[in-house]
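Worksheet: the structure to be examined is printed underneath.
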2 protein chains.
Amino acid sequence: MRLSHQEPPANLAQRLADSGLRNTPQREVVYNALLVRRDHPTADEVYTRVRPEMPTISLATVYNCLETLVQCDLVRQVNFERGPSRYCANLLPHAHFHDEKTGATYDIPLPPEVLAHVRSVLPAGYEAKTVEITFHGQAPIA
Amino acid sequence: MRLSHQEPPANLAQRLADSGLRNTPQREVVYNALLVRRDHPTADEVYTRVRPEMPTISLATVYNCLETLVQCDLVRQVNFERGPSRYCANLLPHAHFHDEKTGATYDIPLPPEVLAHVRSVLPAGYEAKTVEITFHGQAPIA
DNA sequence: TCAGCGAATAAGAATCATTCCAATCAGCAA
DNA sequence: TTGCTGATTGGAATGATTCTTATTCGCTGA
């Protein structure tokens, strides 16, 4: 039985299988929630968005699913200061802009040459697997 | 009575005064702790480093002092994922390299042109007050 | 089809960093 | 000395997340 009109992404089942994990309805609705509204929700926000569709899901399961998706490289976990973790289904290289007034988060695409330039500041011997770039300030009023 | 052989930085009293705040022995020892060992300690680590010198200080006060120092722009607060906040007395523009194996943190100096290049990715209207750049990976064995 | 097994889920307890709170305390001014 | 304001203390409270335990699910082989 299909719980949502959203097509579950072919990606998900594939990636889970690649990691030797099972696909489950919970993982599907959680992943879908991140795909349909890309506003960097917290685990708790995902929980409330998902409950109408699946009222029996638990917050612990939402945390588990999100962690699984992060491990499968389908989702990025984003942290600002010590606030609750936020989750992001945009896999293209991008920075985050955190609006200090509204708390909103915007993705800023990162051209490869900028990324390369940033990596060039590393002294010899430092092997960076990931680079995180976060701006804090005020976004346009729009 | 001087509690430490470290000279309390002339900066501190000045900066506190500029913000209309008082200088206190607690703020001095906390700031000094960050100056003498620049390994990005957590509040708790500062607490244990400072207690031999001032056994009556409380953890809450360490938190308060650190927050005060951050607000006076004498100290930077650094967060990795959702781990405890770390504190850094290096005020020159720099990125952080977080060693995933050891947990150690290294400062990576940031030339102004790299910083400018990074800022150039922002679309018109985005006003960034600060940029945070963090590398995750493996640092040289040295 | 059914039993068995490991993985996934659910519910609630536990953890940990941090903040809050209420009661003192310290330094300066009148 | 007395007040006043900000700072410190110690402990309680908070909040996000993780852990624990029992239960359920889904697949595999008989």
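To find a chain, count down the sequence lines: A is the first, B the second, and so on, and within it residues start at 1. These numbers come from a predicted model, not from an experiment.
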Report summary line: Nearest-nucleotide check on DNA chain C, A:Gly20 vs B:Tyr63; residue mapping nearer the 5' end is A:Gly20

Report task. Please tell me which of the listed nucleotides, D:dT17, C:dA8, C:dC20, lies nearest to the side chain of B:Ala60? Result -> C:dC20

Report summary line: Separation between CD (B:Glu28) and CG (B:Leu35), nearest 0.5 Å, reads 11.0 Å

Requested in this report: Report which part of the nucleic acid B:Thr42 touches: base, sugar-phosphate, or nothing (heavy-atom distance under 4.0 Å, all strands).
Outcome: nothing

Query raised in the report: A:Asp44 has an atom CG; how far is it from atom P of D:dG15, in whole Å?
Result: 11 Å

Query raised in the report: Which whole-number value in Å describes the distance from B:Met54 CE to C:dC25 C1'?
Result: 14 Å

Query raised in the report: Among the nucleotides C:dA8, D:dT17, D:dT9, which one has an atom lying closest to any side-chain atom of A:Arg27?
Result: C:dA8

Query - Spacing of A:Arg82 atom CZ relative to D:dA16 atom C1', expressed in whole Å - result: 9 Å

Query raised in the report: A:Leu12 CG to C:dA8 P: how many Å, rounded?
Result: 12 Å

Query - Pairwise distance OH(B:Tyr106) to NE2(B:His96) - rounded to 0.5 angstrom - result: 12.5 Å

Query - Gap between atoms CD and C1', on B:Gln77 and C:dA17 respectively (whole Å) - result: 12 Å

**Report entry** Among C:dA10, C:dT18, D:dG10, the one nearest B:Pro84 by side-chain distance
**Finding:** C:dT18

Query raised in the report: In whole Å, what is the span from the CD atom of A:Glu67 to the P atom of C:dT9?
Result: 12 Å

Query - salt_bridge(A:Asp107, A:Arg76) N-O dist < 4.0 Å - result: no

Query raised in the report: Rounded to whole angstroms, how far apart are CG on A:Leu16 and P on C:dA7?
Result: 15 Å

Query raised in the report: So, is B:Gln26 close to the D:dT9 phosphate, meaning a side-chain N or O under 4.0 Å from OP1 or OP2?
Result: yes

Report task. With the side chain of A:Arg22 defined as its heavy atoms from C-beta on, choose the nearest nucleotide among C:dT9, D:dC25, D:dT9. Result -> D:dC25

Report summary line: OG of B:Ser120 to NE2 of A:His117, rounded to nearest 0.5 Å, is 10.0 Å

Query raised in the report: Of the nucleotides C:dG27, D:dT8, C:dA10, which has the atom closest to the B:Thr61 side chain?
Result: D:dT8

Query raised in the report: Parallel under 30°, tilted from 30 to 60°, perpendicular over 60°: which one fits the rings of A:Phe80 and A:His136?
Result: perpendicular

Query raised in the report: Tell me: CG of A:Asn64 to P of C:dG6, nearest whole Å?
Result: 20 Å

Report summary line: Closest to the side chain of B:Thr24, out of C:dT18, C:dT9, D:dT8, is D:dT8

